[in-house]
Amino acid sequence: MTDTKLAPISCDTLPPGTLSVEQAQTRIFDSISRIAASERVSLWQAQGRILAQVVTAPLDVPPHRNSAMDGYALWHADIAAGLPLKVIGTAFAGRPFNGAVQPGECVRIMTGAVVPEGTDSVVMQEHVQRTGDNIQISGTLSVGENVRHPGEDMRCGDAVLVNGRKLNAADLGLLASLGIGEVDVLRRPRVAFCSTGDELKSIGETLQPGDIYDSNRYTLYGLLQKLDVEIIDLGTVRDTPEAVEHAFQQAMQRADVLITSGGVSVGEADYVAATLQRLGQVNFWKIAMKPGKPLAVGTLGNTLFFGLPGNPVAVMATFLLFVRPAILLMRSETLPRTPEYSAICDTPLKKAPGRKDYQRGICQQDANGQWHVSSTGGQGSHQLRSMNQANCFIALPLESGNCAAGCNVTIIPFDGLL
Ligand code: AMP
Ligand code: MG
């Protein structure tokens with residue numbers, strides 16, 4: 001149940017200069033240049049990287065006919081004829097039996113061992129009674145049972161991994177099984193970040209009146225570590241045009257992306273947007289969202305720029321909604337839509353129409369699989385505790401008002417994001 005007494009607001013009726021979250025996302029994502037450069041890495045470094053080549057199997061996997069079971073390799077026609085079978089040797093994985101197997105003979109065989117010439121089937125040992133060197137078989141066995149054939153998994157010449165594939169643990173094993181130890185992958189985006197603010201102190205420094213510790217740098221560092229990027233920490237930057245410019249210059253030389261926090265509003269010590277305007281191209285946006293209204297986006301030469309707000313929760317929300325997907329796109333990843341679920345909200349929520357809210361909630365599924373969510377309490381954009389206690393955003397649409405307990409809401413779980 002939402003309060004609908006106020007005039008409805010839509011993306012088309014936002015105040016001038018204000019964008020909806022979706023409009024801002026489209027503008028940002030449409031402007032992304034994908035990284036084209038690649039580098040060769042060993043499989044040990046390839047997890048999560050984006051493949052920049054097609055991988056063709058250079059050999060058959062498995063390379064040889066081998067047993068799927070511990071048992072006895074035999075010629076099927078012999079048991080069909082009811083012959084007693086004599087064990088003439090053993091085939092181990094990596095130690096083939098090299099002798100010739102004649103009618104009436106069989107070979108003890110282990111899983112993965114080469115199936116000897118002169119045999120065509122493997123009977124599992126649980127179906128065999130062995131007396132000395134003779135075996136008796138119980139149950140039925142079909143021709144070729146428990147025999148794996150060369151190329152059954154991959155054939156030499158097969159294209160097994162496509163260009164642009166994000167490599168996972170299964171891919172690493174597959175490459176190793178083909179004897180491939182190195183692959184070409186896209187270069188990682190280089191992402192520089194810094195905090196701005198005269199009030200910010202580093203951990204270990206004594207807080208003077210009015211000071212606070214710089215928490216955004218740690219948050220951003222943590223968020224970036226969840227992505228496959230090269231991280232460049234530009235530190236805490238003072239509120240002077242020179243200091244901000246110095247940080248921007250460094251990023252322009254070294255980074256594909258620069259992320260700043262703070263100094264992006266219209267306060268007298270906010271130099272981020274002005275510096276961006278001087279050195280690059282600026283798009284300053286008010287976004288109809290809470291937390292995170294001001295956002296500066298632009299370019300500094302070839303460096304993509306994100307000026308995030310200073311308030312810690314706004315930093316996290318704007319990073320997750322705009323910066324993270326932009327970085328994924330740079331890596332040529334198809335945008336994974338962050339999973340959203342419909343949930344029953346068990347606590348009332350305060351909300352003013354006109355901005356899309358990303359309130360912080362604690363969600364869980366009940367015994368029937370129905371999602372429930374409750375608010376973490378204080379929702380100020382400075383209250384990092386609301387984020388740290390939460391396991392999801394509660395996304396409330398632009399036009400909605402207060403939400404009574406029991407209403408249906410959309411939740412976005414944080415799984416894997418933070
Ligand atoms: P600003 O956008 O610079 O006006 O900052 C908005 C609010 O966020 C102020 O209360 C700042 O003190 C706070 N803030 C800015 N940067 C940081 C930071 N790196 N860590 C923690 N709080 C910050
Ligand atoms: Mg500031």
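For clarity, every value in this text was computed on a predicted model and none was experimentally measured. Whatever order the structure lists them in is the order used to number ligands and atoms, beginning at 1. For this chain, numbers begin at 1 and follow the sequence in order.
At the top of the distance list for atom 7 (C) of ligand 1, counting protein heavy atoms only, stands Asn311 OD1, 3.4 Å. Protein heavy atom at the shortest distance from atom 18 (C) of ligand 1 is Asn216 ND2, 3.1 Å. Distance from atom 13 (C) of ligand 1 to its nearest protein heavy atom, with residue and atom name: Gly310 O, 3.8 Å.
Backbone and side-chain nitrogen or oxygen atoms of Asp270 are examined, and none is located within less than 3.5 angstrom of a nitrogen or oxygen of ligand 1.
If you number the atoms of ligand 1 from 1 as listed, the ones under 4.0 Å from a heavy atom of Ser195 come out as 19 (N). Residue Asp214 has at least one heavy-atom neighbour below 4.0 Å for each of these atoms of ligand 1: 18 (C), 19 (N), 20 (N). For ligand 1 and Gly263, the ligand atoms under 4.0 Å from any heavy atom of the residue are 1 (P), 2 (O), 3 (O).
Ion pairing between Arg65 and Asp120 fails under the 4.0 Å rule for side-chain N and carboxylate O.
Crowding of Glu117 atom CD: a count of heavy atoms from other residues, nucleotides or ligands under 6.0 Å not exceeding 12. Other residues, nucleotides and ligands place more than 12 heavy atoms under 6.0 Å from the CD atom of Glu39. For Arg40, the CZ atom is densely surrounded, since the number of other residues' heavy atoms within 6.0 Å is greater than 12. Surrounding CG of Asp366 are more than 12 heavy atoms belonging to other residues, nucleotides or ligands, all under 6.0 Å away. For Lys286, the NZ atom sits in a loose shell: 12 or fewer heavy atoms of surrounding residues, nucleotides or ligands are nearer than 6.0 Å.
Ligand 1 is approached by Glu199 to a heavy-atom distance shorter than 4.0 Å. Using a 4.0 Å heavy-atom cutoff, Ser215 is listed among the residues neighbouring ligand 1. Ligand 1 does not have Gly267 within reach: every non-hydrogen atom of the residue lies 4.0 Å or more from it.
Residue Ala326 comes nearest to Phe29 through the heavy atom pair N-CE2, 3.9 Å, listed as atom of the first residue, atom of the second, then distance.
Checked options Gln125, His127, Met124; the residue passing with Met69 is Met124 (criterion: side chain to side chain contact (heavy atoms under 4.5 Å, CB included)).
Residue Ile212 touches ligand 1 through its side chain alone, judged by heavy-atom distances below 4.0 Å.
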